[in-house]
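Below is one structure, written out as structure tokens; the observations come after it.
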Number of protein chains: 2
Amino acid sequence: MAQPLRIGKAAKATGLTVDTIRFYQKAGLLKPPARSAGGYRVFTGIEIDELQFIRKAQDLGFSLAEIKELMHLRGQNGQACPEVREIIKRRLATVRAKINALQHLEAELGQALRTCSRAIRAGAHGEPCPVIEQIQSTKKRSRHDH
Amino acid sequence: MAQPLRIGKAAKATGLTVDTIRFYQKAGLLKPPARSAGGYRVFTGIEIDELQFIRKAQDLGFSLAEIKELMHLRGQNGQACPEVREIIKRRLATVRAKINALQHLEAELGQALRTCSRAIRAGAHGEPCPVIEQIQSTKKRSRHDH
DNA sequence: CTTGACTCTGGAGTGTACTCCAGGGTTTAG
DNA sequence: CTAAACCCTGGAGTACACTCCAGAGTCAAG
């Protein structure tokens, strides 16, 4: 299966940049990877997985500090000691709270969408729609739209 | 019902700081509020609601730029024009994607928790548990823990 | 053995979202 | 009328998460 990659390929494989990967290493999110004879970082499949996990957790709104913790939990999946279980419990609670809040927002947005569709069907052309100007500025892409 | 508040009370009512509220105003998230004779900002119930909405949306991982957009949508709930409906649709899609990803994470954490509990019941004392050191640094509180 | 693509380190710079003054004016309780 | 508590503006400072160099070394192809 997948042979070890150097940082450039690892970056392409994960959708991160080489700078970001090096930054994550400095920040202690990755254990220092092996080096080739010439001093190049060498990433194995496991390390690629870890990078992808970081990216995913980040999209979910976790800070790097939190992700660092999550990585530990992930690494020693159920490897005893009650303190670890407590951390997992706390994380689980915050994740559930987040899901809940997002479901509320989903309901609100869904409601707005229906009201909006109904208005369009009814042919409401009265209002000036001051949002159009806002739409323009929406077109700038965000960090994750590669 | 609730009479208008000055910035200090508004801050207490929303859990924000006065500086943050002023910052949101500068950033264009709030339309400039009315002023008292002495030049003080005066916040009505509607504006308090808006501030609470900002806080909530932020906890859900929306950027201030996105929240600005959401505020517009919220303000003219279903007030026609298809472009608005498209924005809502896009938002709804990203919110749903986020919920999905978080539910995955929830499952993973739940799995880890069960494995962990089982290990503790079985009395697994072998591993050195390198996470304890991590627990210490977990004790610093985050921005929203007032 | 040179050229070009790739990588290294250390450090400076950027964008977002606040957070904290300084130096002033306003309001209210006593 | 004064002191304490509150508010004003403009601007500097901070934390986080990158992002971008400069100057130098490595390596595969021709």
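Note that the structure is predicted; figures quoted are calculated from it, not measured.
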- prompt: Quick one: A/I67 CD1 to D/dC18 C1', roughly how many Å, whole number?
  reply: 13 Å
- line: Of all heavy-atom pairs linking B/Q52 and B/A13, the shortest is NE2-O, 3.1 Å
- prompt: How long is the line joining CG of B/L16 and C1' of C/dC20, in whole Å?
  reply: 17 Å
task: Mind checking salt bridge (charged side-chain N to carboxylate O under 4.0 Å, His left out) for B/K56 and listing every partner two or more places apart, or none if nothing turns up?
output: A/E108
Polar atom pairs between nucleotides 3-9 of chain D and protein, under 3.5 Å, N or O only, would you list them?
{"from": "D/dC6", "atom 1": "O2", "to": "B/Y40", "atom 2": "OH", "distance (Å)": "3.2"}
{"from": "D/dC7", "atom 1": "OP1", "to": "B/G8", "atom 2": "N", "distance (Å)": "2.7"}
{"from": "D/dC8", "atom 1": "OP1", "to": "B/R41", "atom 2": "N", "distance (Å)": "2.8"}
{"from": "D/dC8", "atom 1": "OP1", "to": "B/R41", "atom 2": "NH1", "distance (Å)": "2.7"}
{"from": "D/dC8", "atom 1": "OP2", "to": "B/R22", "atom 2": "NH1", "distance (Å)": "2.5"}
{"from": "D/dC8", "atom 1": "OP2", "to": "B/R41", "atom 2": "NH1", "distance (Å)": "3.1"}
{"from": "D/dC8", "atom 1": "O5'", "to": "B/R41", "atom 2": "NH1", "distance (Å)": "3.4"}
{"from": "D/dC8", "atom 1": "O3'", "to": "B/R35", "atom 2": "NH1", "distance (Å)": "3.4"}
{"from": "D/dT9", "atom 1": "OP1", "to": "B/R35", "atom 2": "NH1", "distance (Å)": "3.4"}
{"from": "D/dT9", "atom 1": "OP1", "to": "B/R35", "atom 2": "NH2", "distance (Å)": "3.0"}
{"from": "D/dT9", "atom 1": "OP2", "to": "B/R41", "atom 2": "NH1", "distance (Å)": "3.1"}
{"from": "D/dT9", "atom 1": "OP2", "to": "B/R41", "atom 2": "NH2", "distance (Å)": "2.6"}

- request: Tell me, please, which residues at least two apart from A/E47 pass salt bridge (charged side-chain N to carboxylate O under 4.0 Å, His left out).
  value: none
- request: Mind calculating the distance between CZ (B/F23) and P (D/dG11) to the nearest angstrom?
  value: 16 Å
field: Options D/dC18, D/dC20, C/dC18, nucleotide nearest the side-chain atoms of A/D19
entry: D/dC20
- request: Can you sort out the partners of A/R114 under salt bridge (charged side-chain N to carboxylate O under 4.0 Å, His left out), two or more places apart, ordered by chain and number?
  value: none
field: Phosphate OP1/OP2 of D/dA17 contacted by A/Y24 side-chain N/O (<4.0 Å)
entry: no
- request: Using the test salt bridge (charged side-chain N to carboxylate O under 4.0 Å, His left out), find all partners of A/E50 that sit at least two apart in sequence or belong to another chain.
  value: A/K31
task: Look at the side chain of B/S63 and decide which nucleotide, out of C/dT27, C/dC18, C/dA17, has an atom nearest to it.
output: C/dA17
message: Taking salt bridge (Lys or Arg N to Asp or Glu O under 4.0 Å) as the cut-off, I'd like each qualifying pair that reaches into residues 6-21 of chain B, sequence neighbours left out, listed once.
response: B/D19-B/R22
task: Take atom NZ of A/K68 and atom P of D/dC16, then tell me their distance rounded to the nearest Å.
output: 11 Å
message: Expressed as a whole number of angstroms, how long is the span from A/Q58:CD to D/dC16:P?
response: 14 Å
task: Could you check how far CG of B/L51 sits from P of C/dA17, rounded to whole Å?
output: 16 Å
